[in-house]
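Order of the sequence lines sets the chain letters (A, B, ...), proteins ahead of strands, with each chain counted from 1. Since this is a predicted model, take the numbers as computed values, not measurements.
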Protein chains: 2
Amino acid sequence: MTARNEDPTRDRILQAAGVVFAERGFEKATVRDICSAAEVNLGAVNYHFGDKQKLYVEVLLCAHQDFYKKVPLPQWSESDPPEQKLSDFVRTMMYRLLLAEGLPWQAQLLTREMVTPSEACRELSERSIKPIHSLLVGVLRELTPEETSETDLEKTAFSVIGQCVFYKMHAPVVETIVTEEQRADHFQPDQLAEHITRFTLSALGRGSLFELTSTVSETEANS
Amino acid sequence: MTARNEDPTRDRILQAAGVVFAERGFEKATVRDICSAAEVNLGAVNYHFGDKQKLYVEVLLCAHQDFYKKVPLPQWSESDPPEQKLSDFVRTMMYRLLLAEGLPWQAQLLTREMVTPSEACRELSERSIKPIHSLLVGVLRELTPEETSETDLEKTAFSVIGQCVFYKMHAPVVETIVTEEQRADHFQPDQLAEHITRFTLSALGRGSLFELTSTVSETEANS
DNA sequence: GTTTAATTCAAACACGTGTTCTAATATAAT
DNA sequence: ATTATATTAGAACACGTGTTTGAATTAAAC
């Protein structure tokens, strides 16, 4: 049948476990579900991976490698204005967070770990998170005074990320507050990204929140 | 309801279930734990409440009533400057979120529901969330131009709340990025509240983030 | 005091979970 | 072909969960 493509049950498990874990998370995903999805015997997980947790770590590792090969972090040319970089960063963030359903399971799984890291493999989650964080800090450094402390930069980064993640994590909350129409009309990823970008730029003294379309303008609206 | 209370095991269960649910959440809290903590027979939960879920709803209802009688939302005098109101709001938020351990279990439980609402009783969670949200929107309205749309106000409110909630929800992430010392020195509730307040005010065109230490932060302004 | 209902208690039940066991089978080396 | 090893299969195990049961006990009513 299959020459040597994807038949070794180990790979089938890895694949199936990926989507099941991505859908349900570590706790709620059962070994039986995974084996059933992989069309593999129940004992196979323990035979090939030792136990459920080791399988999870393995899956996460693969997802991490796959994903960051296929979807590397954006890299701008040095000359790009930092406002543009921030805008891109936020938009990418919102896309990843809110459209993860449509993306391959790797993205979903990593997003899940980023948002609710499992106590199992913190070290691994760090590897997904830290690059994103430093990228953002780098952009923010271009947008803040020279003498800004590292601590303040980090808090600012958390302010940006906090805004983004909120819409993913607290979708239920948002749903109870804004109407269906409002959400359809004004709470789509692009619009949210624009709001967050403008809010942040305004906080950093670049542009103002509501008045002008100021993403790349030079208006020094100070008060 | 019943004039006579004190010991009826029902109350003991309610009390014990409160702290156990607050600590571990609905899923991870076991009926055995609760009954053991209440020093009550295992079957008592089912006898008095039907099942675990009905008990949870009951507990949440009580917590909600208790908490909002004891700790009502802050109400300022009309004359208070809106900057002060925002500062108070954010600080209260951070205290509730980050110091919930020290607060009675009701706060912890409600915070938990606010942050990860259980599918069981969404309607109940709404009752905790909406007042907070409208309070914030009210404050923000004073801080934004008249013509600001309701939608923009709401996004701005989510920007504020997102920043606050981030430190609660993603504590693990923060821990991987900032060092222990940094956290002890610069990431305490008061300092985070100040950053968030200044970030937000700056975004709204009031004050600037890093330069001046103008805003209300240290001044003991109790009302 | 007797009777009746409500409550407590210990034990067991039903079920889902991760894991392990042993025999059967495929795969490869000799 | 024979042997040795690696893998699979299905069943069973061990354990934790919420829930139920039925007898024992208490409290109340008559």
Student: Along nucleotides 15-26 of chain C, 5' to 3', which nucleotides get a B, which get an S, and which get a -, given that the test is a protein heavy-atom distance under 4.0 Å?
Tutor: --BBBB------
Student: Only counting residues at least two apart or in another chain, list the ones meeting salt bridge (charged side-chain N to carboxylate O under 4.0 Å, His left out) with B/D66.
Tutor: none
Student: Ring pair (Phe, Tyr, Trp, His ring centres under 6.0 Å) with A/F89: which residues, sequence neighbours excluded?
Tutor: none
Student: Holding to salt bridge (charged side-chain N to carboxylate O under 4.0 Å, His left out), I want the full list of residues that pass it with B/D51, two or more places apart in sequence or in another chain.
Tutor: B/K54
Student: Is the phosphate of D/dT8 approached by A/T9 (side-chain N or O, under 4.0 Å from OP1 or OP2)?
Tutor: yes
Student: For the helix from C/dG1-D/dC30 to C/dT30-D/dA1, what is the angle between the axes at its two ends, each from 5 pairs, rounded to 10°?
Tutor: 10°
Student: Describe, in one word, how the ring planes of A/F21 and A/F26 are oriented to each other, choosing from parallel (under 30°), tilted (30 to 60°) and perpendicular (over 60°).
Tutor: parallel
Student: Go through the structure and list residues passing ring pair (Phe, Tyr, Trp, His ring centres under 6.0 Å) with A/Y167, not counting sequence neighbours.
Tutor: B/F158
Student: Less than 4.0 angstrom between a side-chain N/O of A/H48 and OP1 or OP2 of D/dA6, yes or no?
Tutor: no
Student: Rounded to the nearest angstrom, tell me the gap between atom CG in B/L55 and atom C1' in D/dG18.
Tutor: 12 Å
Student: Can you measure B/K54 atom NZ to D/dT19 atom C1' for me and round it to whole angstrom units?
Tutor: 12 Å
Student: Identify, with sequence neighbours excluded, every residue that meets salt bridge (charged side-chain N to carboxylate O under 4.0 Å, His left out) alongside B/K168.
Tutor: none
Student: Does B/E154 have any salt bridge (charged side-chain N to carboxylate O under 4.0 Å, His left out) partners at least two apart in sequence or in another chain, and if so, which?
Tutor: none
Student: Run the ring pair (Phe, Tyr, Trp, His ring centres under 6.0 Å) test against A/H186 and tell me which residues pass, sequence neighbours left out.
Tutor: none
